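Working notes, beginning with the structure itself.
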Amino acid sequence: MTDVKPGMVQRYKLAQRVVHWLGVGSFLILLLSGLALLVPQLAFLAAGGLSRVFHRIAAFGFMLMPIVYVAIVPHDALELLKESFTYTLKDLKWFKHMPAYVLGSTKGLPPAGRINPGQKIHHAMTFVMFVTVAGSGLALWFGQSALGPEGLAIVLSVHDLSMLGLTVLMIGHMYFTFLYGALPAMTTGFVTEDYARMEHAEWYESLSPQTVAMTESDDQTAA
Ligand code: HEM
């Protein structure tokens, strides 16, 4: 049963939240085990080759994430992909308010859809770097001997830069999550109506009155 409280609307289904946190878990293991291989001061973590094993297991989980997403909630996965790469002139107006938004002000912020333009950029760049980190990782895993010294240097650079990019994106993503109190969207799956109106006014307006009424009064399983 979903724990439904008055004044809340559902933002993410259970399946979406499970995939997200599995992705976060595998990403953090990849980052730590990768740093152990890269940074001499952390070499003690790589002793005995354990971090290599962790890195490969986590890489498998990380690459599985989009496949699982598409397999269990194909409509939501495609919606995320489509929205992340669709930009309109309205988004430009939103970006003009970005400096104030970064500082915690939503005053005058144009109404956003299900994902706001900042999130679109984050998600789109995450997809791109997911592809480059996974592609270069697979090349290092299975094709290292065929790369040659120059090829190896290029693939390693792509791999490390992609991971750096994903880390910077994650820090920004966490900053906005905590600045605007968005965490419940990915923990309980629900946000307050006030939050939905403030951050995603167009999306909130597009919800059918029945959906809002249902999440306000019923305890039906919406996940
Ligand atoms: C501890 C770190 C993280 C926290 C606290 C966090 C938090 C969140 C929250 C609250 C949302 C929902 C925002 C909304 O209302 O739309 C979200 C969505 C999302 N996050 Fe994270 N996140 C973290 C790490 C990551 C990482 C590492 C990635 C990518 C590798 C990531 C990728 C995404 C994506 C793609 C979405 C959209 C999900 C969907 O539409 O299904 N997150 N995150």
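One-based numbering, in listed order, for ligands and for the atoms of each. All values reported here derive from a predicted model rather than from experimental measurement.
- Each of the atoms 15 (O) of ligand 1 lies under 4.0 Å from some heavy atom of A185.
- Counting protein heavy atoms only, atom 36 (C) of ligand 1 is closest to H123 CE1, 3.4 Å.
- Considering only non-hydrogen protein atoms, atom 41 (O) of ligand 1 sits nearest to Y69 OH, 2.4 Å.
- Contacts between Y12 and ligand 1, counted as non-hydrogen atom pairs separated by less than 4.0 Å, involve the side chain only.
- In this structure, CG on L109 lies 7.5 Å from CG on N116, to the nearest 0.5 angstrom.
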- With side chain to side chain contact (heavy atoms under 4.5 Å, CB included) as the test, would you mind laying out the steps for Q119 and E83 before giving the verdict? CA-CA 10 Å; Q119 289 174 316; E83 288 183 7; over 6 Å; no
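- Taking every heavy atom of both residues into account, L147 and A139 meet most closely at CD1-O, 4.2 Å.
- Inspection of the E199 and Y204 side chains reveals no N or O donor paired with an N or O acceptor under 3.5 Å.
- Judged by the 6.0 Å distance and 45° axis criteria, K120 is positioned over the aromatic ring of Y87.
- Cation-pi geometry between R197 and W203 is not met: the NZ or CZ atom fails to fall both under 6.0 Å from the ring centre and inside 45° of the normal.
- Between F62 and F130, a ring centre-to-centre spacing shorter than 6.0 Å is recorded.
- Closest to atom 30 (C) of ligand 1, if we only count protein heavy atoms, is T126 CG2, 3.9 Å.
- Looking only at atom types and distance, the side chain of H159 has a donor-acceptor partner in the side chain of S136 under 3.5 Å away.
- The ligand atoms of ligand 1 that sit less than 4.0 angstrom from a heavy atom of M170 are 27 (C).
- Of the protein's heavy atoms, H173 CD2, 3.4 Å lies nearest to atom 23 (C) of ligand 1.
- Counting heavy atoms only, H20 comes closest to atom 6 (C) of ligand 1 of the residues M186, M174, H20.
- Polar contact with ligand 1: absent for H122 (N/O pair, distance under 3.5 Å).
- Between T177 and ligand 1, not a single N/O pair is under 3.5 Å apart.
- The protein atom (non-hydrogen) at minimum distance from atom 24 (C) of ligand 1 is V24 CG2, 3.4 Å.
- For the residue pair S162 / T132, a side-chain donor-acceptor distance below 3.5 Å is found, with atom types taken as modelled.
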- Message: Does R114 form a salt bridge (charged side-chain N to carboxylate O under 4.0 Å, His left out) with E79? I'd like the steps, not just the answer.
- Response: CA-CA 10 Å; R114 194 186 69 87; E79 186 179 44; 3.6 Å; yes
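- Formation of a donor-acceptor pair under 3.5 Å by the Y69 side chain with backbone atoms of H20 is not found in this model.
- Nearest to atom 13 (C) of ligand 1 among the protein's heavy atoms is Q119 NE2, 3.6 Å.
- Residue-level proximity to ligand 1 for E199 is absent, since no heavy atom of it falls below 4.0 angstrom.
- The single protein non-hydrogen atom nearest to atom 15 (O) of ligand 1 is R11 NE, 2.7 Å, given as residue, atom name and distance.
- Atom 10 (C) of ligand 1 has its closest protein heavy atom at A182 O, 3.3 Å.
- Looking at H200 next to ligand 1, no N or O pair under 3.5 Å apart turns up.
- Taking a distance limit of 4.0 Å, we find that atom 28 (C) of ligand 1 is approached by no protein heavy atom.
- Below 3.5 Å of separation, one finds no N or O of W21 facing any N or O of ligand 1.
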